[in-house]
Each structure stands twice: as structure tokens, then as C-alpha cells.
Amino acid sequence: MSAWRGRRRDSIDNGLAAIIWIIAVIAAFFLIMHIILVIFEANPANVLVDFISDVANTLAWVFKDLFTPDDAKLRVFLNFGLAALVYLALGRVVARAID
């Protein structure tokens with residue numbers, strides 16, 4: 001019976017690790033999409049662009065103004081790019097710790 005519980009626990013841990021990694025990837029996706037939309041000057045009045053921007057701004061909370069170069073595109077690239085890297089790194093570390 002204990003072997004069954006051990007396999008069940010491993011399965012739950014693997015599933016939880018996968019969910020954490022997927023959440024980190026989705027967060028990074030929104031941040032990277034925001035960077036791309038800013039760099040290519042997407043229409044900010046577009047509903048999709050507005051939605052991605054809102055989500056990315058929420059996810060980048062402490063990173064939004066970490067670097068303040070004069071160039072707005074560089075600022076977005078540095079701050080939101082760093083936020084994406086942090087989400088991916090933390091997601092991988094936490095997922096591996098659980099797994």
C-alpha cells in the first residue's frame with residue numbers, strides 16, 4: 001500500500017511541477033508579446049494590444065521602472081525582458097524543487 005501512495009505522491013508532484021512551469025511560461029509569453037508589440041509600435045487602441053499590455057504591466061509589477069533609459073523601447077525591453085527571465089528562472093527552480 002505504501003508503494004502505491006509513493007507513486008501517487010510522485011504523480012501529484014510531477015503534475016504540480018508541470019502546472020507551475022506552464023504558469024511561468026504563460027507569464028513570460030505575455031511579457032515577451034508586450035515587448036514585441038511595443039518595439040513594432042502596435043496600435044495601443046487595439047483591444048488585443050490593450051489586453052496584452054494590461055496583463056504584462058500587472059506581471060512586471062516591480063520591474064516596470066527598474067531601468068529608466070531615455071528610449072522607451074529600450075526601457076520596455078530591459079524591464080519586461082528581465083521580468084520574463086525572472087518568471088522563467090523561478091518557475092524552473094520551483095518546478096524542479098517540487099519534482
Side-chain angles (χ1 to χ4, degrees):
M1 192 69 155
S2 67
W4 178 79
R5 286 185 185 181
R7 281 182 273 158
R8 182 173 173 212
R9 172 90 174 151
D10 289 343
S11 177
I12 290 170
D13 289 348
N14 290 342
L16 183 58
I19 289 169
I20 289 170
W21 177 241
I22 289 169
I23 291 169
V25 169
I26 291 170
F29 171 79
F30 276 101
L31 292 161
I32 292 167
M33 285 303 300
H34 178 67
I35 293 168
I36 292 168
L37 293 172
V38 168
I39 288 174
F40 290 105
E41 299 176 6
N43 177 10
N46 179 281
V47 176
L48 179 61
V49 174
D50 184 50
F51 173 72
I52 291 172
S53 177
D54 286 346
V55 173
N57 277 303
T58 301
L59 292 170
W61 53 289
V62 296
F63 299 99
K64 281 191 284 192
D65 59 356
L66 189 61
F67 300 104
T68 58
D70 291 333
D71 183 10
K73 290 180 182 180
L74 179 60
R75 185 171 43 251
V76 168
F77 178 77
L78 291 173
N79 293 322
F80 286 73
L82 179 61
L85 289 175
V86 168
Y87 274 102
L88 291 173
L90 285 177
R92 179 50 65 196
V93 168
V94 172
R96 285 193 182 207
I98 290 172
D99 197 23

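Note: hydrogens, waters and symmetry copies are ignored here, and every other heavy atom, side chains too, is used.
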For residues 32-50, please give each side-chain donor-acceptor pair under 3.5 Å, one per line with the distance, not counting sequence neighbours.
unit_1 : atom_1 : unit_2 : atom_2 : d
Glu41  : OE2    : Lys73  : NZ     : 2.7
Asn43  : OD1    : Ala45  : N      : 3.0
Asn46  : OD1    : Leu48  : N      : 2.7
Asn46  : OD1    : Val49  : N      : 3.2

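- Every pair tested for salt bridge (Lys or Arg N to Asp or Glu O under 4.0 Å) that includes a residue from residues 57-67 fails, sequence neighbours excluded, so the list is empty.
- How far CZ of Phe63 is from CG of Asn79: 9.5 Å, rounded to the nearest 0.5 Å.
- Rounded to the nearest 0.5 Å, atoms CD1 (Ile23) and CD1 (Ile19) are 7.0 Å apart.
- For the pair Arg75 (side chain) and Pro69 (backbone), a donor-acceptor distance under 3.5 Å is present.
- Annotation: side-chain hydrogen bond (donor to acceptor under 3.5 Å, both in side chains) contacts of Asn57 (sequence neighbours excluded): Ser53.
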Would Leu66 and Leu78 count as a side-chain contact (heavy atoms from CB on, under 4.5 Å) if you check the C-alpha gap in whole Å, the side-chain angles of each, and the deciding distance to 0.1 Å?
CA-CA 9 Å; Leu66 189 61; Leu78 291 173; over 6 Å; no

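- Looking at heavy atoms from C-beta onward, Phe77 lies out of side-chain contact with Asp71 at the 4.5 angstrom threshold.
- Alongside Leu88, the hydrophobic cluster contains Trp21, Val25 (criterion: ILVMFWY side chains under 4.5 Å).
- Looking only at distances, no side-chain donor or acceptor of Tyr87 sits under 3.5 Å from a matching main-chain atom of Leu31.
- Contact detail for Ala24 and Gly91: the closest heavy-atom pair is CB-CA, 3.7 Å.
- Clustering of Ile, Leu, Val, Met, Phe, Trp and Tyr by side-chain heavy atoms under 4.5 Å joins Leu16 with Ile20, Val94, Ile98.
- At a threshold of 4.5 Å between non-hydrogen side-chain atoms, the residues Phe30 and Phe80 do not count as touching.
- Under a hydrophobic clustering in which Ile, Leu, Val, Met, Phe, Trp and Tyr are joined whenever their side-chain heavy atoms come within less than 4.5 Å, directly or via other members, Val62 and Leu85 fall into different clusters.
- Listed by first and then second residue, the salt bridge (Lys or Arg N to Asp or Glu O under 4.0 Å) pairs that reach into residues 79-97 come to none, sequence neighbours excluded.
- Residues Ile26 and Ile52 fall within the same hydrophobic cluster, defined by Ile, Leu, Val, Met, Phe, Trp and Tyr side chains chained together at heavy-atom separations under 4.5 Å.
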